[in-house]
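Let me begin by presenting the structure, written as structure tokens, before commenting on it.
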Amino acid sequence: MTLHVSHTLLVTGNDLEACSRRALHFFNTSQLIRYDDVTIIKERSCSAISDTFQSLLTAALEENRDKLKGLLGELQEEGFTTLADLLHLPQGFHSKILHTVAHMEDGFFGIDAHFFDLDESSYRLSEKRKKEIDQQPERCWLLTIEASSSNSGGFERVK
């Protein structure tokens, strides 16, 4: 089985090349996720100066939100609707869903991240980051990443 994912990273840097190096360094040194292949799609990457920046950013943030809603919906369908219900959450599939939700909330990068702010380790856009985008749009870049891995070692730590 081969895993194919797409990520949109927000990275600060002088230009696309500098941001690309930072992103590739992140993937090469991450203890969390390892991909066999990471490609930066330059045609779908841009700085905040670009007319397409805001629509790409909005779409990527919405994908994260939709993923989170979907995961929470799965828990709700199984009867886990309150915090007190989590006391009875069985270990296994359901606890893994909760685990993924927690990672998305705390900024722990994983394969479920569509949007990820590399500088702030966040699945969201902070007020500080919004100001940086407004004040220094030429230094704030969205990079579209496509990555893949075979399932040789499982996807908890993709090799």
Side-chain angles (χ1 to χ4, degrees), residues 1-74 93 95-159:
M1 178 181 174
T2 301
L3 172 73
H4 296 282
V5 295
S6 178
H7 303 291
T8 300
L9 301 181
L10 181 59
V11 185
T12 301
N14 291 329
D15 55 28
L16 178 60
E17 293 308 315
C19 291
S20 296
R21 284 191 302 274
R22 287 194 60 217
L24 292 173
H25 181 264
F26 170 76
F27 286 111
N28 287 332
T29 60
S30 174
Q31 295 296 311
L32 309 174
I33 297 291
R34 292 255 186 229
Y35 294 122
D36 294 332
D37 183 53
V38 175
T39 303
I40 296 170
I41 310 301
K42 292 182 180 185
E43 302 78 34
R44 293 190 333 213
S45 300
C46 62
S47 75
I49 292 173
S50 171
D51 292 337
T52 60
F53 181 89
Q54 194 58 50
S55 62
L56 289 172
L57 178 61
T58 299
L61 287 166
E62 285 176 4
E63 284 200 44
N64 274 7
R65 190 117 182 116
D66 289 346
K67 178 69 172 183
L68 192 55
K69 282 182 185 177
L71 292 169
L72 291 172
E74 286 184 52
F93 177 73
S95 63
K96 290 210 181 286
I97 291 173
L98 182 62
H99 183 87
T100 301
V101 168
H103 281 309
M104 290 182 78
E105 289 298 308
D106 69 8
F108 201 71
F109 184 81
I111 63 173
D112 294 302
H114 187 75
F115 170 81
F116 189 73
D117 185 335
L118 195 62
D119 297 335
E120 292 193 347
S121 294
S122 178
Y123 283 72
R124 296 186 183 159
L125 195 62
S126 70
E127 290 303 316
K128 176 185 171 210
R129 197 66 155 136
K130 289 176 187 176
K131 286 179 186 175
E132 287 177 25
I133 291 169
D134 288 340
Q135 294 171 353
Q136 297 182 324
E138 71 284 353
R139 292 188 41 79
C140 298
W141 288 79
L142 283 177
L143 304 182
T144 299
I145 309 293
E146 290 186 357
S148 63
S149 285
S150 64
N151 193 9
S152 60
F155 295 127
E156 289 295 319
R157 177 168 164 79
V158 181
K159 291 262 183 190

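Model, not experiment: these values are computed from the prediction. Below, each value reflects all heavy atoms present in this structure, side chains not excepted, and no hydrogens, waters or symmetry copies.
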Shortest non-hydrogen contact from [X] toward [Y]:
| X | Y | result |
| --- | --- | --- |
| N64 | A113 | OD1-C, 4.0 Å |
| S20 | I40 | CB-CD1, 3.3 Å |
| I97 | L71 | CG2-O, 3.5 Å |
| Y35 | S149 | CA-OG, 2.8 Å |
| H114 | A60 | CD2-CA, 3.6 Å |

What distance separates [X] [atom1] from [Y] [atom2], expressed to the nearest 0.5 Å?
| X | Y | atom1 | atom2 | value |
| --- | --- | --- | --- | --- |
| C140 | Q135 | SG | CD | 9.5 Å |
| L9 | F27 | CG | CZ | 5.0 Å |
| H7 | I33 | NE2 | CD1 | 7.0 Å |
| T8 | I41 | OG1 | CD1 | 10.5 Å |
| R21 | N28 | CZ | CG | 13.5 Å |

Under the side chain to side chain donor-acceptor pair (under 3.5 Å) test, residues paired with [X] that sit two or more places apart:
| X | answer |
| --- | --- |
| E138 | none |
| S95 | none |
| R124 | E105 |

Problem set entry | side chain to side chain contact (heavy atoms under 4.5 Å, CB included) partner of S45, chosen from L142, L143, I145 |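 With S45 as partner, L142, L143, I145 yield a single side chain to side chain contact (heavy atoms under 4.5 Å, CB included), made by L143.
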For this session: Give me the one residue out of D119, L125, L61 that meets side chain to side chain contact (heavy atoms under 4.5 Å, CB included) with L10.
Result: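 Answer after filtering D119, L125, L61: L125.
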Contacts table for residues 47-59: side-chain donor-acceptor under 3.5 angstrom, sequence neighbours left out:
residue	atom	partner	partner atom	Å
S47	OG	I49	N	3.2
S50	OG	T52	N	3.1
S50	OG	T52	OG1	2.9
Q54	NE2	T58	OG1	3.4
S55	OG	T52	O	3.0
T58	OG1	Q54	O	2.9

For this session: Might you work through the side chain to side chain contact (heavy atoms under 4.5 Å, CB included) test for S6 and E63, ending with a clear yes or no?
Result: CA-CA 11 Å; S6 178; E63 284 200 44; over 6 Å; no
For this session: State whether K42 and E17 are salt-bridged, where the test is any N-O pair (Lys NZ or Arg NE/NH1/NH2 against Asp/Glu carboxylate O) under 4.0 Å.
Result: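 A salt bridge links K42 with E17.
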Exercise. When you check the gap from the basic side-chain N to the acidic O, do E132 and R129 get nearer than 4.0 Å?
Worked result: yes
For this session: With sequence neighbours left out, write down each residue that passes ring-ring contact (aromatic ring centres under 6.0 Å, His included) with H25, or none if nothing qualifies.
Result: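 Counting only residues at least two positions away or on another chain, H25 forms no ring-ring contact (aromatic ring centres under 6.0 Å, His included).
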For this session: Just jot down the ring-ring contact (aromatic ring centres under 6.0 Å, His included) partners of F116, sequence neighbours excluded, or say none.
Result: F109, Y123
Exercise. So, the side chain of D112 versus the backbone of M104: is there a donor-acceptor pair under 3.5 Å, distance only?
Worked result: no
Exercise. Do K67 and F115 pass the side chain to side chain contact (heavy atoms under 4.5 Å, CB included) test, and can you show the C-alpha distance, the side-chain angles, and the key distance before you say yes or no?
Worked result: CA-CA 11 Å; K67 178 69 172 183; F115 170 81; over 6 Å; no
Problem set entry | Worked verdict on R139 versus N14 for side chain to side chain contact (heavy atoms under 4.5 Å, CB included) | CA-CA 5 Å; R139 292 188 41 79; N14 291 329; 2.5 Å; yes
